[in-house]
S.K.: 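After the structure tokens below, expect a handful of questions from me.
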Amino acid sequence: MEKDARIYVAGHRGLVGSAIVRALQTQGFTNLILRTRQELDLTDQHAVAEFFAQEKPEYVFLAAAKVGGIMANKTYPADFIYGNLAVQNNVINNAYLHKTKKLLFLGSSCIYPKLCPQPIKEEYLLTGELELTNKAYAIAKIAGIIECQSYNEQYGTNFISLMPTNLYGPHDNFDLESSHVMPAMVRKFHDAKMNNAPHVTLWGTGSAQREFLHVDDLADASLFLMENYNDSSIINVGAGEDITIKELAEMVKKVIGFKGEIMWDATKPDGTPRKLLDVSKLHSLGWKHQIPLDEGITAAYQWFTENTETKRA
Ligand SMILES: NC(=O)c1ccc[n+]([C@@H]2O[C@H](COP(=O)([O-])OP(=O)(O)OC[C@H]3O[C@@H](n4cnc5c(N)ncnc54)[C@H](OP(=O)(O)O)[C@@H]3O)[C@@H](O)[C@H]2O)c1
């Protein structure tokens, strides 16, 4: 990518999009095209076509999506499938029509089959039953991947798809109704500390194992792959190491300085026992994550406390 290339980051106010913008700016890219949802609703076919005809972005990072935790996915499956399919269809088709040189699409580790062997290799996609709670989201994301591959096959485009693990960092969603596990913990421990609560109750037994990647590492990997990866096949992006939810809770509790007890509500589900990506393909290209989990959580919590006005919930 040339430093003055026209680069469109879709979803630039979200967790991933804002990190990609920070990384691009840090690396000296000067010609970023950004639109809020109010300025450009990506589900609006005509508006997206007009935008691409006018701006003709040379590179597209597609980080706009309808994203959420278990509760939100279970409650609003229609919003998840429609929102994601519509955004992807509009952006991917217009990137092709207006000769975008390269597009980066984001899948997710949670769209692999529910009972995958661990660690999860890229080739396990579409080899088994999906997790029921986020089926609508997963089907939409899988459609996006196949869409990118189909355009590459039929039209010779260069659209790549990344499969990131669980992400966290600045601009995360801390709303307990719709957030992922890490920001939900940050919110709960912070509120408990502020209210001098004697304990915090967390879902499940804490025995499930999960992998986490700081979003600045994901943004760094995204730029790296935009420059160095030109293959239709999906590529995992993760830390390659996991911890139990119990260990994570202890870590978050310590960073936040909550002195009370952690209680586990075992009547609530743990989810898949383990979810860890196999990142050997990414490592073989020469990229590895940099931010250790404890440092990343400390930085994320600092952002949380410094942005009480603007943060989500
Ligand atoms: N978070 C994770 O742990 C994780 C893990 C793996 C993969 N990913 C992938 O990374 C991508 C980005 O996720 P994220 O966590 O950054 O989500 P996010 O923080 O919710 O950000 C999504 C962004 O997309 C925008 N958007 C959604 N619908 C739109 C529309 N119709 N028109 C215009 N903008 C729209 C949102 O705008 P508003 O703010 O106005 O709603 C928001 O800025 C997704 O594809 C997701 O699957 C995320």
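In this chain, residues are counted from 1 in sequence order. Counting starts at 1 for both ligands and their atoms, following the listed order. Side chains included, hydrogens not; waters and symmetry mates left out as well; all remaining heavy atoms used.
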S.K.: Side chain, backbone, both or neither: which applies to Val16 and ligand 1 if a contact is any heavy-atom pair less than 4.0 Å apart?
M.R.: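 Both backbone and side chain.
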S.K.: Tell me if the centroids of the rings in Phe159 and Phe105 come within less than 6.0 Å of each other.
M.R.: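 No: the rings miss the under 6.0 Å criterion.
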S.K.: Which of the atoms of ligand 1 are close to Asp41, meaning less than 4.0 Å from one of its heavy atoms?
M.R.: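 Matching atoms, with element in brackets: 30 (C), 31 (N), 32 (N).
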S.K.: Tell me whether Asp216 is salt-bridged to Arg22, with the criterion being a basic N under 4.0 Å from an acidic carboxylate O.
M.R.: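 Judged by the 4.0 Å cut-off on N to carboxylate O distance, Asp216 and Arg22 do form a salt bridge.
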S.K.: Tell me the contacting part of Thr165 for ligand 1: side chain, backbone, both, or neither, using a 4.0 Å heavy-atom threshold, strictly below.
M.R.: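 Thr165 to ligand 1: backbone contact only, side chain stays beyond 4.0 Å.
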S.K.: Mark up the atoms of ligand 1 that fall under 4.0 Å of a heavy atom belonging to Leu42, in ascending order.
M.R.: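 Atoms satisfying the 4.0 Å criterion: 30 (C), 31 (N), 32 (N), 33 (C).
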S.K.: Answer yes if the ring centres of His190 and Tyr301 are under 6.0 angstrom apart, and no otherwise.
M.R.: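 Aromatic pair counts; centres sit under 6.0 Å.
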S.K.: With a 4.0 Å heavy-atom cut-off (strictly under), which part of His12 contacts ligand 1: side chain, backbone, both or neither?
M.R.: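 Contact part for His12 vs ligand 1: neither.
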S.K.: Apply side chain to side chain contact (heavy atoms under 4.5 Å, CB included) to the pair Tyr8 and Leu34, showing each step before the final yes or no.
M.R.: CA-CA 6 Å; Tyr8 172 42; Leu34 310 172; 5.9 Å; no
S.K.: Would you kindly specify which portion of Leu40 sits under 4.0 Å from ligand 1, judged on non-hydrogen atoms: side chain, backbone, both or neither?
M.R.: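 Looking at Leu40 and ligand 1, just backbone atoms fall under 4.0 Å.
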S.K.: Using heavy atoms and a 4.0 Å limit, tell me yes or no: is Tyr137 in contact with ligand 1?
M.R.: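 A heavy atom of Tyr137 does come that close to ligand 1.
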S.K.: Against Ser233, only a single residue in Lys281, Glu122, Glu123 fulfils side-chain hydrogen bond (donor to acceptor under 3.5 Å, both in side chains); can you say which?
M.R.: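 Running side-chain hydrogen bond (donor to acceptor under 3.5 Å, both in side chains) over Lys281, Glu122, Glu123 with Ser233 returns exactly one hit, Lys281.
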S.K.: Hey, are Lys114 and Glu129 close enough for a salt bridge, meaning a charged N less than 4.0 Å from a carboxylate O?
M.R.: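 Between Glu129 and Lys114 there is no salt bridge, as every charged N stays at least 4.0 Å from the carboxylate O atoms.
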S.K.: Examine the proximity of ligand 1 to His180 and report which part, side chain or backbone, both or neither, has a heavy atom under 4.0 Å away.
M.R.: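 His180 to ligand 1: side-chain contact only, backbone stays beyond 4.0 Å.
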S.K.: Can a non-hydrogen atom of Ser18 be found less than 4.0 Å from any atom of ligand 1?
M.R.: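 Outside the 4.0 Å threshold, so no.
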S.K.: Only heavy atoms of Ala63, strictly under 4.0 Å: list the atoms of ligand 1 that pass.
M.R.: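 Reading through ligand 1 atom by atom, the close ones are 12 (C), 22 (C), 23 (C), 24 (O).
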